[in-house]
Number of protein chains: 2
Amino acid sequence: MISDLKIQQLRYVIMVVEEGSFHSAARRLHRTQPALSMAVRELEQRLGQNLFERGSKNRLTPFGEYCVPRFRDLVGQHDRMANDVINHADGTQGHVHIATVPSVASRIMPALLAEFIARFPDINISLHDENAHYVCQMVAQGEVDLGITSIWQTNEDLEYAHLFEDKIGVVCRRDHILASCETLGWQSLQGEKLIRNGTSRLLMSTAAAQLVENSAFYISNMISLIAMLEAGAGITTLPRLAFPETNANLCFVPLHDPEVVRRIGLVKTINRTLAPAAQAMQAFLLEKLRHGAE
Amino acid sequence: MISDLKIQQLRYVIMVVEEGSFHSAARRLHRTQPALSMAVRELEQRLGQNLFERGSKNRLTPFGEYCVPRFRDLVGQHDRMANDVINHADGTQGHVHIATVPSVASRIMPALLAEFIARFPDINISLHDENAHYVCQMVAQGEVDLGITSIWQTNEDLEYAHLFEDKIGVVCRRDHILASCETLGWQSLQGEKLIRNGTSRLLMSTAAAQLVENSAFYISNMISLIAMLEAGAGITTLPRLAFPETNANLCFVPLHDPEVVRRIGLVKTINRTLAPAAQAMQAFLLEKLRHGAE
DNA sequence: GCCACCTAATAATTAATACTTATCGTTTAA
DNA sequence: TTAAACGATAAGTATTAATTATTAGGTGGC
């Protein structure tokens, strides 16, 4: 097996053929004429056959006629591949998989991703919504590149970057007595029928822990939870982002004492390098969400 | 547009992936480990992204995972192309177009080409038979690579190499009075009904020219000519090779005075380089036919 | 026919690149 | 904890590719 042919040499030959002379080919390649002469001759010697007729005009030999289309093919394939790889390298092309908690997925991501795809039109995005724990798991297992989730437990394989905080409040019907309050302390909730949900654990290590512990109801499904609240079956606590703001029947009252926040952060694996498109997404998310109140 | 990626660098990357370590990849590539390290790093810098995870084990980055199959593709395409081109360069593969006069085509080429294709099984051959003049024309116009023909007129675009001589003789019915002669002089033919054919011009510049000039019949088609002779309609002159030796009714008597020979030679263009496969054929024909009496 | 002119080949030199040897710092496994 | 394996780095060398300057070979104009 012969040693590698150099793409550049093939390109030289093609250009000489296209231009019809070594001189003008050299000009277009920003080389001098002897550079082409020598490179072509070196290639010819390696192949053991001349590509160009020597002596008179620089026509191709029959062997050259055979080779040049093949050279063109390979150079074309190289260029397409190189272009493709470069686009992926600089993050203008690729596929990013993101997992987020549902509240972020529905309230924050739509506008954000619209802006992202406007800026990076050739990046494909897959967005999964899962609960906070499963978001971390998907990141850790490499099922997604990035996660946006509430940070609740450190994992040494994952790297967390804080984005913003999300205040916990009480959600109840608009006609509920608590609805008129500007802000609430946990004592005000005693005696209320509290329905727990997936975010209730955020209160566990606070002064309001007892409230949660005494609650008999647990509903994980947000749609069911909202329906229960609308029916006046009780109240619950939610991070503001998880509260459906457009709902006409329910209202959100911030919890003042204790002031509880859900810390939302960007999660990625610590070992694996992100694909360039994911790096672009990461930078975009940090730029747009870091330190923002929402 | 980025500068050319080097096939060799891509090969290095692929080998590191296959072997799982820089060390063993280097061993298989007959290089030292730092050579690979540096080459890979150079490529990574040009792409602007790492292909391998640095720090811990040498796994591929997601970007590397994306690239390596494409690198493999290009290297594979390169190798196939290089192989193909090399085979054509050394004449083990290709297509040769030959034109010969009919007598050579039917009497000499069959066995010769059988031997050739046994020696060069991957070379395709096209064989045309045409008259001597048109053989030269086909060569001159590049329709064929090589011609085997009688040399009768110099052409500055063509290069002739003598192969062998072909004696002219008289062809007549076995029951003809001349048939019993061992050899003949032109005087013996006077009074005979001579049928001219395409090869009769070979006698024009000899002592027998008058015979030909006085002949009233001309038949160019060999089948018709033979039929005429078999019918006893006259006699003709032919080079020995053009005489159908298996014919039971006709016989060939060498012409002694004048002794006329048809010079058969190999013809090719003087300007154009032969394709490697044609070079192989040329060498083969010269080896087999040069100086041979037949 | 001779002379300019255009082109490619060659020679000498320099720049760039690829590789080697030697060494160091980590990590892995005994 | 040490030895072994691995990769990164540094310094030096070899190889390759490019430059400039020059030569040589045709071609066309006069």
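Each chain gets a letter, A, B and so on, in the order the sequences are listed, and its residues count up from 1.
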Exercise for the section: Using a strict cut-off of less than 4.0 Å between a Lys/Arg side-chain nitrogen and an Asp/Glu carboxylate oxygen, indicate whether A:K288 and A:E115 qualify as a salt bridge. Expected result: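 Looking at A:K288 and A:E115, the cut-off is met.
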Practice task
State whether B:R262 and B:E165 are salt-bridged, where the test is any N-O pair (Lys NZ or Arg NE/NH1/NH2 against Asp/Glu carboxylate O) under 4.0 Å.
Solution key: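 No.
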Take atom [atom1] of [X] and atom [atom2] of [N], then tell me their distance rounded to the nearest Å.
X: A:F22; N: D:dT19; atom1: CZ; atom2: P; value: 15 Å
X: B:N50; N: D:dA8; atom1: CG; atom2: C1'; value: 13 Å
X: B:E44; N: D:dT9; atom1: CD; atom2: C1'; value: 15 Å
X: A:L43; N: D:dA17; atom1: CG; atom2: P; value: 11 Å
X: B:R59; N: D:dG7; atom1: CZ; atom2: P; value: 14 Å
X: B:E19; N: D:dG7; atom1: CD; atom2: P; value: 11 Å

OP1 or OP2 of [N] versus the side-chain N and O atoms of [X]: is any pair under 4.0 Å?
X: A:R41; N: C:dA8; answer: no
X: A:S37; N: C:dA9; answer: yes
X: B:R54; N: D:dG7; answer: no
X: B:H23; N: D:dG7; answer: yes

Does a donor on one side chain and an acceptor on the other come within less than 3.5 Å for [X] and [Y]?
X: B:Y134; Y: B:D129; answer: no
X: B:Y160; Y: B:R263; answer: no
X: A:E44; Y: A:Q49; answer: no

Practice task
Would you give a per-nucleotide map of nucleotides 11-22 of chain C, 5' to 3', where B means the base has a protein non-hydrogen atom under 4.0 Å away, S means only the sugar-phosphate does, and - means neither?
Solution key: -------SBBBB
Handout entry: Qualifying residues under ring pair (Phe, Tyr, Trp, His ring centres under 6.0 Å), relative to A:F22, sequence neighbours excluded
Key =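 Counting only residues at least two positions away or on another chain, A:F22 forms a ring pair (Phe, Tyr, Trp, His ring centres under 6.0 Å) with A:F52.
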